[in-house]
Undergrad: 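Dropping the structure in here first, questions after.
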Number of protein chains: 2
Amino acid sequence: MSENLKGKDKLVKVAIELFSTRGFKGTSIRDIAQAMDMSISNIYHYFGNKEGLLLAVLEHASRGLTDRLGQVADMDLAPLDHFKKLVGTHIELSDYYKKEVKIFFLDEEHLSKQGEEINNQVQKDILKIYCKELAALKTAGLLNRKSITITAFNILGTINWYLRWYRPEGQLSREEIAEEIVSFILHGVLGSQE
Amino acid sequence: MSENLKGKDKLVKVAIELFSTRGFKGTSIRDIAQAMDMSISNIYHYFGNKEGLLLAVLEHASRGLTDRLGQVADMDLAPLDHFKKLVGTHIELSDYYKKEVKIFFLDEEHLSKQGEEINNQVQKDILKIYCKELAALKTAGLLNRKSITITAFNILGTINWYLRWYRPEGQLSREEIAEEIVSFILHGVLGSQE
DNA sequence: ATTATTACATATCGATCGTTCGATATTGTG
DNA sequence: CACAATATCGAACGATCGATATGTAATAAT
């Protein structure tokens, strides 16, 4: 589906592919032009400059991520079910936006002010969602961790790390892995203090 | 201490600083030369080319990491104490090699064959240490996770993610944070299946 | 003391980088 | 049809990139 993209959309698609595999600095605009079999000038016509293209990619991904995750966060479920649903959806979404997320992590160091803002915002939004979620668990008497923030970071670390090591050719299916990760997080969160 | 470094050592130190903040591709050899107030040619004299310098950095860090971690892995302790000690040391080491580890993660995409080998080796070594550790916990009847490998990855994710969000100016001390992370991991590992 | 090796500097090369410019298709609109 | 707006092209720009060639000063070895 959506094979014969043209112009702007094709450009973004190709950029996601190349930025995620070679990094922003490691990808020249000539690489991009060649990969989509078009002229260099289109990048400047549509996005102003190379960084404009990067920003478009990041903006698109950050919207998709936080919007969907926010939807789940607003659902009306029992605390524990809500939490499970959230983590499960987050893993799914991370998979879907695998390449875009990788760009965030690979190139967060050399972003412009605008890029940093997008990056900070999406990180802050997602962290906030988890903190709120953990606070609800605490209210329900289910949370036994000292620091909610650190716990939220630990959850993000577990999920985001999954993107680095998961290989489709492995023995376990994505669903089985997701289940195991959810379980690990759940016990990490609920476990009683020693 | 060790301020007035010269030649090779100074070069490596400056390279760690710049590669970790701007990335490999984002750092030119002229940047490095300028930062250490020396001529470009030294890089080629000592390391052959730009990538040789990167390899030297990675090799140094990977040795320091796996050697020290391997030492702890060989200690003779009760399973649970052994595991705690391992995770604690790992967090300490990650802090010490913060910048070098960041280089690994930032630039793993555009490494040469040799660089990939170093990267794969250190990742494999550390994963192996944790898998062995988790197997020991399982034997002792303390582990309740389905997949040892996934659990090991989850632990690595939690620890490595800490490097991304930790800021010295935060409220909690590094020791308090480390304790909280160890606790999170511990319960994630030991938690019973539902 | 002579020599060989190491440690640095200068100047420069060709390739590639991001960007700009002016021109040409293509499309939509009255 | 005319004509404006949009989409795309190829050629060129100055800057910077990694790398090299060729030198000299410092140090170590004999």
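Each chain gets a letter, A, B and so on, in the order its sequence line appears, and its residues count up from 1.
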Undergrad: Can a donor-acceptor pair be found, under 3.5 Å and without considering hydrogens, that links the side chain of B:Ser183 to the backbone of B:Glu179?
TA: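 A pair under 3.5 Å: no.
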
Undergrad: Using rotation axes that map the C1' atoms of four end pairs onto the next four (five pairs an end), what angle separates the end axes of the helix from C:dA1-D:dT30 to C:dG30-D:dC1, to 10°?
TA: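 Result, rounded to 10 degrees: 10°.
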
Undergrad: Between B:Arg174 and B:Asp95, does any side-chain N to carboxylate O distance fall below 4.0 Å?
TA: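 Yes, this pair counts.
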
Undergrad: In whole Å, I'd like the distance from the CZ atom of A:Arg22 to the P atom of C:dC17.
TA: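 Roughly 10 Å, once rounded to whole Å.
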
Undergrad: Shortest non-hydrogen contact from B:Ala35 to B:Leu18?
TA: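 Result for this residue pair: CB-CD1, 4.0 Å.
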
Undergrad: So, applying ring-ring contact (aromatic ring centres under 6.0 Å, His included) with A:Trp161, which one of B:Phe105, B:Phe153, B:Trp161 is it?
TA: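 Looking at B:Phe105, B:Phe153, B:Trp161, the match for A:Trp161 under the ring-ring contact (aromatic ring centres under 6.0 Å, His included) is B:Phe105.
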
Undergrad: For each nucleotide in nucleotides 5-22 of chain D, reading 5' to 3', give B when a protein heavy atom comes within less than 4.0 Å of its base, S when such contact involves only the sugar-phosphate, and - otherwise.
TA: --BBBB-B----BBBB--

Undergrad: Please determine if A:Glu108 and B:Arg164 form a salt bridge, counting it only when a charged side-chain N lies under 4.0 Å from a carboxylate O.
TA: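 Counted as a salt bridge, because a side-chain N and a carboxylate O are separated by less than 4.0 Å.
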
Undergrad: Can you tell me how far apart CG (A:Leu53) and CD1 (A:Ile32) are? Round to the nearest 0.5 Å.
TA: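 Those atoms lie 5.0 Å apart.
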
Undergrad: Checking the side chain of A:Gln34 only, and the main-chain atoms of A:Asp31 only, is there a donor and an acceptor separated by less than 3.5 Å?
TA: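 No; judged by distance alone, with no hydrogens or angles, the pair does not exist.
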
Undergrad: Does a side-chain N-to-carboxylate-O contact under 4.0 Å join B:Arg22 and A:Glu109?
TA: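 The answer is no: the pair does not qualify as a salt bridge.
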
